[in-house]
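Computed from a predicted structure; not experimentally measured.
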Amino acid sequence: MTPMTERELETLLLGEGGFPDFWQTSWNRQRTWVRGRDPSVFESCVTLDEIDALISHTRLPLGNFDLAYDQQPLDKNVYCRDGLIVPARVFDLHREGVTIILRSAHFWLPGLDRLRRAAEGMFGCPVQANVYLTPPDNQSTPAHWDTHDLFVLQIAGAKLWPLFANTGNPRPLVHERFRPGIAPVGAPTQTLRLESGDSLYLPRGEIHAPVSVGYSVHVALGVSSPRWIDVALQRLADTLPPDSPLRRPVSPEASGVDRAADAAAAAQALRDLLDAPGLLPHAAAPARAIAEGAEAPQRGRLNSIVEEMGEAPATCRPTQPA
């Protein structure tokens, strides 16, 4: 499978719009909705037949699979055995109206992995592809925000995306996960109806509560870009001198230590370490790690090895890779 080009990625995520305009007007600022496209636009990424085969023939691990109904996850003991899903039980529950959630589905679906690799190359950070299969009129999660940017690809069917104002934490950090019943959900701002072939970009922190219209299949492409606070903390961890004032303990008030003087020394040490030239190399670290850790696609290598050995029995002779 050949790598996805930047133009292919641009078309899938943004339609006729390009990345230059997206960076200037939408990235980390506002939602972008692409609609009215051919319903088959995402066929190169994933199809319902591929998902059917994956669930039917692969004993998926617990950590990559969830079922949910009426905004609540189901107990995994209901559909798992020995740490793996039971496909027959999963399909029975799905037929009764339960949503299937495949987490990091790119591990098993080559088209999604091709999309993920291209997205990681473009955004320079980890990207994860989850798949949601939602029966009619089901809402698998309550209103919530994500701590990553999100691209929604509507593969089949339709889904309503009610959006709400985030008055409490509009740009949450990675550890600031939404807590239902505690984090405030603001007034409704808009409801979008995604049809097959549509895509939607939501900046992190955008509160949403999707509900299926009929049967729905969508891919959620999560883009986990680093924040400058992450870069700053990594810079400190990597370069903090052994004698830095930042390594000193915060002394108890009863000790009589001049805490104001210690705080001033610590603040100065931060200023010395967190200058722009020092931060920039650390900001590039996630993209560098992705580039260095990227593995070449391995599809077809087994056939090549068997051909090289030249001694495969007739029933095991390689065919052309699909």
With Cys45, the side chain to side chain contact (heavy atoms under 4.5 Å, CB included) member among Leu12, Leu221, Leu109 = Leu12

Spacing of CZ belonging to Arg31 relative to OG belonging to Ser26, to within rounding of 0.5 Å = 10.5 Å

Partners passing ring-ring contact (aromatic ring centres under 6.0 Å, His included) against Tyr201 (at least two apart in sequence or in another chain) | Phe22, Phe151

Ser244 (side chain) donor-acceptor with Leu246 (main chain) under 3.5 angstrom | yes

Residues, nucleotides or ligands: over 12 heavy atoms within 6.0 Å of Gln190 CD | yes

Is there a path of hydrophobic side-chain contacts, each under 4.5 Å between heavy atoms of I, L, V, M, F, W or Y residues, that connects Ile51 with Val219?
-> yes

Close side-chain approach of Phe65 to Ile101, heavy-atom, < 4.5 Å | no

Could you walk me through whether Asp137 and Val213 pass the side chain to side chain contact (heavy atoms under 4.5 Å, CB included) test, one step at a time?
-> CA-CA 6 Å; Asp137 304 315; Val213 179; over 6 Å; no

Measure the spacing between NE2 of His94 and OH of Tyr215 and express it to the nearest 0.5 Å.
-> 2.5 Å

Leu280 backbone acceptor or donor facing His282 side chain under 3.5 Å = no

Output the distance between atom CG (Leu54) and atom OG1 (Thr58), rounded to the nearest 0.5 Å.
-> 4.5 Å

Main-chain N/O of Asn130 paired with Arg103 side-chain donor or acceptor, under 3.5 Å = no

Should we say atom OH of Tyr69 is surrounded by more than 12 heavy atoms from elsewhere, each under 6.0 Å from it?
-> no

Any link between Ile207 and Leu200 through a network of hydrophobic side chains (Ile, Leu, Val, Met, Phe, Trp, Tyr) touching at under 4.5 Å?
-> no

Step by step, would you call Val250 with Asp262 a side chain to side chain contact (heavy atoms under 4.5 Å, CB included)?
-> CA-CA 8 Å; Val250 177; Asp262 277 1; over 6 Å; no

Is there a donor-acceptor pair closer than 3.5 Å between any side-chain N or O of Arg116 and the backbone N or O of Phe107?
-> no

Measure the shortest side-chain to side-chain distance between Leu74 and Val98 over non-hydrogen atoms and say whether it is less than 4.5 angstrom.
-> yes

Taking it one step at a time, do Tyr79 and Val90 satisfy side chain to side chain contact (heavy atoms under 4.5 Å, CB included)?
-> CA-CA 6 Å; Tyr79 56 91; Val90 166; 4.2 Å; yes

Is the shortest side-chain N to carboxylate O distance from Asp66 to Lys76 below 4.0 Å?
-> yes

Answer with yes or no whether the hydrophobic clustering places Val152 together with Val34; edges join I, L, V, M, F, W, Y residues whose side-chain heavy atoms lie under 4.5 Å apart.
-> no

State whether a side-chain donor-acceptor pair under 3.5 Å links Arg171 with Asn28.
-> yes

Donor on one side chain, acceptor on other, Gln234 and Asp238, under 3.5 Å = yes

Could you walk me through whether Thr99 and Leu133 pass the side chain to side chain contact (heavy atoms under 4.5 Å, CB included) check?
-> CA-CA 6 Å; Thr99 293; Leu133 299 93; 5.8 Å; no

Under 3.5 Å donor-acceptor, Arg259 side chain and Val257 backbone | no

Any donor and acceptor pair, going by atom type alone, linking the side chain of Thr47 with main-chain N or O of Glu50 inside 3.5 Å?
-> yes

When you check the side-chain N and O atoms of His208 and Asp146, is any donor under 3.5 Å from an acceptor?
-> yes

Compare every heavy atom of Arg193 with every heavy atom of Asp198, then report the nearest pair and how far apart it is.
-> OD2-O, 3.8 Å

Would you please say whether a donor-acceptor pair under 3.5 Å links the side chains of Gln268 and Asp272?
-> yes

Would you confirm whether Ser255, through its side chain, and Ser251, through its main-chain N or O, come within 3.5 Å as a donor-acceptor pair?
-> no

For Pro184 and Gly168, the nearest pair of non-hydrogen atoms, with its separation, is CG-CA, 4.0 Å

Between the side chains of Glu176 and Asn169, does any donor sit under 3.5 Å from an acceptor?
-> yes

How many angstroms lie between atom CD1 of Ile85 and atom CG of Leu60, to the nearest 0.5 angstrom?
-> 4.5 Å

Answer yes or no: is there a side-chain heavy-atom contact under 4.5 Å between Arg235 and Asp275?
-> yes

Do Leu48 and Val217 touch side chain to side chain, with heavy atoms closer than 4.5 Å?
-> yes

For residues Thr189 and Ala165, report the shortest heavy-atom separation together with the two atoms involved.
-> CG2-N, 3.6 Å

Identify the heavy atoms of Ala158 and Glu195 that sit nearest to each other, and give their distance.
-> CB-OE1, 3.4 Å

Would you kindly confirm whether Tyr132 and Leu112 end up in one hydrophobic cluster when ILVMFWY residues are joined by side chain heavy atoms under 4.5 Å apart?
-> no

So does Arg301 have more than 12 non-hydrogen atoms from other groups sitting under 6.0 Å from CZ?
-> no

Applying side-chain hydrogen bond (donor to acceptor under 3.5 Å, both in side chains), run through Thr134 and Asn138 and close with a yes or a no.
-> CA-CA 6 Å; Thr134 311; Asn138 193 358; over 6 Å; no

Heavy-atom side-chain contact between Val223 and Leu150 under 4.5 Å | no

Ser224 side chain reached by Val174 side chain, heavy atoms, under 4.5 Å = no

dist Leu273:CG -> Leu236:CG (nearest 0.5 Å) comes out at 6.0 Å

Any donor-acceptor pair under 3.5 Å from Arg117 side chain to Pro3 backbone = no

Within the side chain of Arg35, is there an N or O that forms a donor-acceptor pair under 3.5 Å with the backbone of Ser199?
-> no

Flag side-chain contact, heavy atom, 4.5 Å: Val78 against Arg89 = yes

Take atom CZ in Arg95; do more than 12 heavy atoms of anything else shown fall under 6.0 Å from it?
-> no

Is the His218-Trp161 ring centre distance short of 6.0 angstrom?
-> yes

Do other residues, nucleotides or ligands put more than 12 heavy atoms under 6.0 Å from Arg81 CZ?
-> no

Write down the atom of Ser216, the atom of Gln154, and the distance for their closest heavy-atom approach.
-> OG-NE2, 2.9 Å

Kindly assign one of parallel, tilted or perpendicular to the pair Phe123 and Phe19, based on the angle between their ring planes and the thresholds 30° and 60°.
-> perpendicular

Is there a side-chain contact between Ile290 and Pro126, using heavy atoms and a 4.5 Å cut-off?
-> yes

Provide the closest heavy-atom pair for Phe164 versus Pro162 in the form atom of the first, atom of the second, distance.
-> CE1-O, 3.6 Å

Any chain of hydrophobic side-chain contacts (each under 4.5 Å) joining Phe42 to Met122?
-> yes

Taking the side chain from Arg204 and the backbone from Pro172, do they hold a donor-acceptor pair closer than 3.5 Å?
-> yes

To the nearest 0.5 angstrom, please state how far the CZ atom of Arg7 sits from the OG1 atom of Thr5.
-> 8.5 Å

